[in-house]
Visitor: 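Questions regarding the structure given below will be posed in turn.
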Amino acid sequence: MAGIVVVEDEYIVALDIRGFLERSGYEVAGVFASGEDLLARLDDLRPDLILMDIKIRGELDGVETARLVHERMQVPVLLLTAYADDETVSRAKTSEPFGYILKPFEERELRTAIELALYRAGMERKLRESEERFRRLFKEGISGNFLADAEGRVIDANPTFLRLVGARPTGAP
């Protein structure tokens with residue numbers, strides 16, 4: 001079951017979203033009225049997804065909060081807002097949201113966006129894990145590993161390869 005956080009400063013709207021999520025079988029990990037409140041609890045909550053309004057309480061708006069969340073934890077954010085002007089949409093892109101849904105939203109539209117965001121986030125997590133495994137295998141493996149360009153020049157190599165060919169890492173004395 002996915003843990004979803006809601007960041008919405010209008011109490012009635014927040015309750016409505018929470019109710020929808022619970023009726024849809026999602027776990028609501030928390031509801032916050034400001035970006036600062038969310039960021040203070042983010043490490044403890046470790047949500048699977050954040051639904052965030054752009055206009056929220058506090059010094060940080062939803063776009064800036066989403067950007068900070070992405071930098072810190074790469075938690076997917078769906079922006080739920082009544083604002084669709086070009087400037088707001090352009091700013092929203094900088095936070096790399098997983099979706100942008102206009103209020104009032106259709107429940108089916110929100111449920112679909114949530115499912116797609118959770119799926120995409122899961123696939124991106126698996127890709128990062130796979131890349132990390134490859135990086136560690138390449139760099140720390142007991143075999144001599146290297147990458148070469150089309151002309152045959154070595155462009156990357158692990159310590160074992162360098163030791164086997166008697167070379168030193170670039171920048172080493």
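Numbers here simply count residues along the sequence, with the first being 1.
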Visitor: Kindly check if the number of other-residue, nucleotide or ligand heavy atoms within 6.0 Å of CD (E87) is above 12?
Guide: no

Visitor: Go through D156 and F138 one step at a time and tell me if the side-chain contact (heavy atoms from CB on, under 4.5 Å) criterion holds.
Guide: CA-CA 10 Å; D156 197 6; F138 181 86; 3.6 Å; yes

Visitor: With the threshold set at 4.0 Å, does a side-chain nitrogen-carboxylate oxygen contact exist between K126 and E129?
Guide: no

Visitor: Using modelled atom types and a 3.5 Å cut-off, is there a donor and acceptor pairing between side-chain atoms of N145 and backbone atoms of N158?
Guide: no

Visitor: What are the two closest non-hydrogen atoms of A92 and Y100, and how far apart are they?
Guide: CB-CE1, 3.6 Å

Visitor: Measure across A113 and I101 and return the closest heavy-atom pair with its distance rounded to 0.1 Å.
Guide: CB-CD1, 3.4 Å

Visitor: Using a 6.0 Å cut-off, check whether atom CZ of R23 has over 12 heavy atoms from anything other than its own residue.
Guide: yes

Visitor: In this structure, would Y119 and I4 fall into the same cluster of hydrophobic residues linked by side-chain contacts under 4.5 Å?
Guide: no

Visitor: Closest heavy-atom contact between L162 and A157?
Guide: CD2-CB, 4.0 Å

Visitor: Would you say CG of L127 has more than 12 non-hydrogen atoms from neighbouring residues, nucleotides or ligands within 6.0 angstrom?
Guide: yes

Visitor: When you look at R133 and S130, which way does the side-chain contact (heavy atoms from CB on, under 4.5 Å) test go after all the steps?
Guide: CA-CA 5 Å; R133 275 192 308 275; S130 176; 3.8 Å; yes

Visitor: When you look at E106 and R108, which way does the salt bridge (Lys or Arg N to Asp or Glu O under 4.0 Å) test go after all the steps?
Guide: CA-CA 5 Å; E106 296 284 330; R108 185 176 67 175; over 6 Å; no

Visitor: Decide yes or no on salt bridge (Lys or Arg N to Asp or Glu O under 4.0 Å) for R135 and E131, but give the supporting numbers first.
Guide: CA-CA 6 Å; R135 186 196 64 72; E131 288 171 341; over 6 Å; no

Visitor: Report yes or no: do I56 and L42 belong to one cluster of Ile/Leu/Val/Met/Phe/Trp/Tyr joined by side chain heavy-atom distances under 4.5 Å?
Guide: yes

Visitor: Is it the case that over 12 heavy atoms from other parts of the model lie below 6.0 angstrom from the CZ atom of R120?
Guide: yes

Visitor: Does I114 reach the side chain of L51, with side-chain heavy atoms less than 4.5 Å apart?
Guide: yes

Visitor: According to a hydrophobic-cluster definition based on side-chain heavy atoms being under 4.5 Å apart (Ile, Leu, Val, Met, Phe, Trp, Tyr only), do V5 and V28 belong together?
Guide: no

Visitor: Could you pull out the closest heavy-atom pair between S95 and L79, with the gap in Å?
Guide: OG-CD1, 4.3 Å

Visitor: Looking at residues at least two apart in the chain, or sitting in another chain, which of them share a ring pair (Phe, Tyr, Trp, His ring centres under 6.0 Å) with F98?
Guide: none

Visitor: According to a hydrophobic-cluster definition based on side-chain heavy atoms being under 4.5 Å apart (Ile, Leu, Val, Met, Phe, Trp, Tyr only), do L49 and L116 belong together?
Guide: no

Visitor: Please name the pair of heavy atoms, one in P76 and one in A121, separated by the smallest distance, quoted to 0.1 Å.
Guide: CG-CB, 3.5 Å

Visitor: For T65 and I50, run side-chain contact (heavy atoms from CB on, under 4.5 Å): C-alpha distance rounded to whole Å, both residues' side-chain angles, the deciding distance at 0.1 Å, then the answer.
Guide: CA-CA 11 Å; T65 303; I50 299 171; over 6 Å; no

Visitor: Measure the CZ-NZ distance between F134 and K139 for me, rounded to the nearest 0.5 Å.
Guide: 9.5 Å

Visitor: Passes side-chain contact (heavy atoms from CB on, under 4.5 Å), L110 versus L80? Steps please.
Guide: CA-CA 9 Å; L110 181 56; L80 300 174; 3.7 Å; yes

Visitor: How long is the span from the CZ atom in R111 to the CG atom in L21, to the nearest 0.5 Å?
Guide: 9.5 Å

Visitor: Just by modelled atom types, is the L39 backbone N or O under 3.5 Å from a matching donor or acceptor in the R72 side chain?
Guide: yes

Visitor: Salt bridge check: are D85 and R91 linked by an N-O gap of less than 4.0 Å?
Guide: no

Visitor: Taking T81 for its side chain and Y83 for its backbone only, find out whether a donor-acceptor pair lies under 3.5 Å.
Guide: yes

Visitor: For a quick test of reading the model, state the closest non-hydrogen atom pair linking V77 to A66 and the distance between them.
Guide: CG1-CB, 3.9 Å

Visitor: Is there a continuous path of hydrophobic side-chain contacts, each under 4.5 Å between heavy atoms, that joins L68 to M73?
Guide: yes

Visitor: If I take atom CG from residue D61 and atom CD1 from residue I54, how far apart are they, to the nearest 0.5 angstrom?
Guide: 7.5 Å

Visitor: Any salt bridge linking R128 with E132? Criterion: basic side-chain nitrogen under 4.0 Å from a carboxylate oxygen.
Guide: no

Visitor: Could you list the donor-acceptor pairs under 3.5 angstrom formed between side-chain atoms of residues 8-20 and any protein atom two or more places apart in sequence or on another chain?
Guide:
residue	atom	partner	partner atom	Å
E8	OE1	K103	NZ	2.5
E8	OE2	E10	N	3.0
R18	NE	E22	OE2	3.1

Visitor: Any salt bridge between E64 and R67, counting N to O under 4.0 Å?
Guide: yes

